[in-house]
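No experiment lies behind these values; they were computed from the predicted model shown.
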Amino acid sequence: MVIKSATFICSNTQVSKLPPPVMPEYAFIGRSNVGKSSLINMLTSKKGLAKTSQTPGKTQLINHFLINENWYIVDLPGYGYARASKSKKADWDKFIHTYLDKRESLQCVMVLIDSRLEPQKIDVEFCNWLGEKGLSFVLIFTKADKQSNVKTDQNVAKFKKSLGETFEEVPEYFITSSETQLGRDDILTFIENINKVFKIPQLN
Ligand code: GTP
Ligand code: MG
């Protein structure tokens, strides 16, 4: 897919105020600092579209970006930010979960995993939660440029094994780098194929 346009539309904390669910939507989520905003900028080839930061916890809202006038990328706040207060963490959990659970036009949750790390409990638990809710998701391993391919492959295999404990079938996955654009074409093709069959949800 060629990206012709990518525009910031709105930031929200309330699911009731999101744009109407009439276009296919893909939510990018993962631990704080995993590289969500960088990946969004890499996919859209627009530096600075989503705000990146070396300080974890930068993205604190549901941010909608309209791509090619016909689908949305959503940048979500990272989970597991160690320095956030307990009540703030609970707030985030609540609104992320409400969004993921209720958003009719959400086509796929893109779960970002740091490819440098062994499986993290919080990531595995989040995937299990998505599974329980019956939400479709894929895994996106980030920052692959930071170590050897062998190391990346080992961590990917370990993560798949961890998920294999609860899932019969491990979801599709992509290995990416926002620095080298690794994985860009594959992710955009994946999204394009879903967009082709998207139908506007019937709302009650
Ligand atoms: P929050 O919004 O705080 O949850 O973070 P985020 O997941 O959006 O992470 P962000 O994209 O802001 O990136 C965090 C840090 O990792 C920044 O310093 C990025 O430059 C760096 N980073 C992200 N992706 C990559 C990558 O693929 N390769 C390398 N080398 N660095 C990356
Ligand atoms: Mg971010």
Quiz item: Does atom NZ of K158 have more than 12 heavy-atom neighbours, drawn from other residues, nucleotides or ligands, at distances under 6.0 Å?
Solution: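 Yes - once you tally the heavy atoms of other residues, nucleotides and ligands closer than 6.0 Å, there are more than 12.
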Has the side chain of [X] got a donor or acceptor atom that lies under 3.5 Å from a matching backbone atom of [Y]?
| X | Y | answer |
| --- | --- | --- |
| D75 | N63 | no |
| S105 | E25 | no |
| T142 | V34 | yes |
| D123 | I113 | no |
| N41 | A50 | yes |
| S136 | C108 | no |
| Q147 | D145 | no |
| K143 | E179 | no |
| D114 | R116 | yes |

Self-check item: D101 bridged to K133 by N-O distance under 4.0 Å
Solution: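 Answer for the salt bridge query: yes.
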Less than 4.5 Å apart, side chain to side chain, heavy atoms only: is that true for [X] and [Y]?
| X | Y | answer |
| --- | --- | --- |
| L39 | L112 | yes |
| Y99 | V74 | yes |
| V15 | R103 | no |
| T176 | Q181 | no |

Which heavy-atom pair separates [X] from [Y] by the least distance, and what is that distance?
| X | Y | answer |
| --- | --- | --- |
| A6 | I67 | CB-CD1, 3.8 Å |
| I175 | D153 | CD1-OD1, 4.0 Å |
| M1 | W71 | SD-NE1, 3.5 Å |
| V138 | P171 | CA-CB, 4.4 Å |
| K36 | L76 | CE-O, 3.2 Å |
| L49 | F8 | CD1-N, 4.0 Å |

What side-chain donor-acceptor pairs closer than 3.5 Å can you find for residues 182-192, not counting sequence neighbours?
from : atom 1 : to   : atom 2 : distance (Å)
R184 : NE     : M42  : O      : 3.0
R184 : NE     : L43  : O      : 3.2
R184 : NH2    : L43  : O      : 2.9
R184 : NH2    : S45  : OG     : 3.1
T189 : OG1    : D185 : O      : 2.8

Self-check item: Any residue meeting ring-ring contact (aromatic ring centres under 6.0 Å, His included) with F167, in chain and number order, not counting sequence neighbours
Solution: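 If we apply the ring-ring contact (aromatic ring centres under 6.0 Å, His included) test to F167, skipping adjacent residues, the hits are F137.
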Quiz item: Out of curiosity, does I62 fall in the hydrophobic cluster containing F65 (side-chain heavy atoms, cut-off under 4.5 Å, transitive links)?
Solution: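 No: no chain of side-chain contacts under 4.5 Å links F65 to I62.
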Quiz item: With T98, which residues qualify under side chain to side chain donor-acceptor pair (under 3.5 Å), at least two apart?
Solution: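 For T98, no residue satisfies side chain to side chain donor-acceptor pair (under 3.5 Å) once neighbours in sequence are set aside.
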Quiz item: Aromatic rings F126 and Y79: how do their planes relate, parallel, tilted or perpendicular, breaks at 30° and 60°?
Solution: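 Answer is tilted, since the angle falls between 30° and 60°.
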